[in-house]
Amino acid sequence: MLTLTCPCCGVKAEESELHGGGEAHLTRFGPGSSEEEFHDYLFARENAKGVHFERWRHVHGCGKWFHAARCTATLQVFGTYSAQTTEPPADLLATIREKRPGWSWRDFS
Amino acid sequence: MSEAVTAMQMAEFDGLCRVADAGLQGMIVLRGDLGSDALRSAVQDLTGAGVPKVRRVLSKGTFSVLWMSPDELMILCPYAQADAHVATLAKALEGQQALVANLSDARAVFALTGAGLREVVAKVAPIDMAPGAFGPGDIRRTRFAQVSAAVWMTDDTSARVVCFRSVAEYMFNLLRTAAHPGAGVGFF
């Protein structure tokens with residue numbers, strides 16, 4: 001069972017009261033972008049085995065979106081953080097570096 | 001105006017705890033910046049209870065103020081007074097970015113009473129119902145089996161469950177099943 005702590009209301013929520021929102025930190029390419037950029041924005045995903053950053057919504061609870069960092073292979077949760085950001089917080093990245101030396105995900109490592 | 005009735009028409013059930021339709025309840029939803037002075041004083045002036053902290057409930061007289069999310073409160077009041085209180089709040093919050101609406105008829109409220117209620121709730125919702133973890137003054141929004149709901153305790157042996165009116169029958173049958181006299185676990 002995946003248990004994530006919602007940073008908006010502080011509840012330790014189990015997976016069944018949350019809704020997954022796919023990969024986090026996507027940059028939107030809309031009108032004016034190239035076909036390749038738009039294609040990658042729509043379809044290209046990390047699909048990581050290991051450390052992954054995702055969007056989740058506390059759908060049966062406070063209803064807010066947040067971000068989570070977890071391992072897709074072991075379900076280990078490294079932390080959750082606000083959705084109002086473009087990159088993971090520095091202390092969370094430090095935690096992941098300590099627990100998973102050599103990891104990388106897009107431009108983060 | 002037509003005669004207002006609750007979804008479950010005052011149905012009740014006695015088992016591990018008593019499950020009953022709580023009757024008509026005024027419910028005002030207030031969305032806005034819960035930290036703003038304008039909103040805080042508007043809620044204080046109307047209810048006398050003030051704005052509760054995260055996942056808490058404050059009550060005073062006929063009013064209860066429930067923390068629903070970082071930008072949402074639910075104010076409980078007598079059913080017949082809800083429209084008047086909505087008007088008062090809307091006037092107090094004029095010019096602010098806030099939304100006030102009377103959603104009394106959009107929801108169903110159930111009253112659970114009896115020592116067995118912790119067990120009944122714990123069976124159907126992913127909440128730690130241990131006496132030290134959840135008690136009077138706490139509110140939790142979560143799912144009850146397959147539907148969204150909010151639950152709070154008014155004292156040690158009574159709680160309220162609120163859900164959408166459209167799933168009231170599902171909720172009543174669910175609570176009734178969980179409270180069946182032969183279904184006790186004796187965990188708490």
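Computed from a predicted structure; not experimentally measured.
Remark: B/Gln81 CD is packed, more than 12 non-hydrogen atoms of other residues, nucleotides or ligands lying under 6.0 Å away. Residue B/Phe13 qualifies as enclosed at atom CZ: its count of foreign heavy atoms under 6.0 Å is above 12. By the 6.0 Å contact criterion, CD on B/Gln146 is open, its count of non-hydrogen atoms from other residues, nucleotides or ligands being 12 or less. In the displayed structure, B/Asp37 atom CG is contacted under 6.0 Å by at most 12 heavy atoms of other residues, nucleotides or ligands. A/Asp107 CG: 12 or fewer foreign heavy atoms inside a 6.0 Å radius.
For residues 15-38 of chain B, the set of pairs meeting the ring pair (Phe, Tyr, Trp, His ring centres under 6.0 Å) definition, not counting sequence neighbours, is empty.
The pair B/Glu72-A/Lys64 does not count as a salt bridge, with every side-chain nitrogen at least 4.0 angstrom from each carboxylate oxygen.
Scanning residues 22-41 of chain A against chain B with a 4.5 Å non-hydrogen threshold yields no residues.
When A/Gly10, A/Ser16, A/Gly63 are compared by the number of non-hydrogen pairs under 4.5 Å with chain B, A/Ser16 comes out ahead.
By the criterion of side-chain heavy atoms lying less than 4.5 angstrom apart, applied directly or through intervening Ile, Leu, Val, Met, Phe, Trp or Tyr residues, B/Trp67 is not grouped with A/Val11; the two fall into different hydrophobic clusters. Under the 4.5 Å side-chain heavy-atom criterion for ILVMFWY residues, a single connected hydrophobic cluster contains both B/Val43 and B/Leu93. Under the 4.5 Å side-chain contact rule for hydrophobic residues, B/Met153 and B/Val162 do not share a cluster.
Annotation: side chain of B/Pro70 is in contact with side chain of A/Cys62 (closest heavy-atom distance under 4.5 Å).
Judged by distance alone, the side chain of B/Arg141 and the main-chain N or O of A/His60 form no donor-acceptor pair under 3.5 Å.
Between A/Glu14 atom CD and B/Ile127 atom CD1 the span is 10.5 Å, to the nearest 0.5 Å. Taking SG of A/Cys9 as the start and CD1 of B/Ile139 as the end, the distance is 11.0 Å to the nearest 0.5 Å.
Proximity to chain A is limited to the side chain of B/Arg55, based on heavy atoms less than 4.5 angstrom apart.
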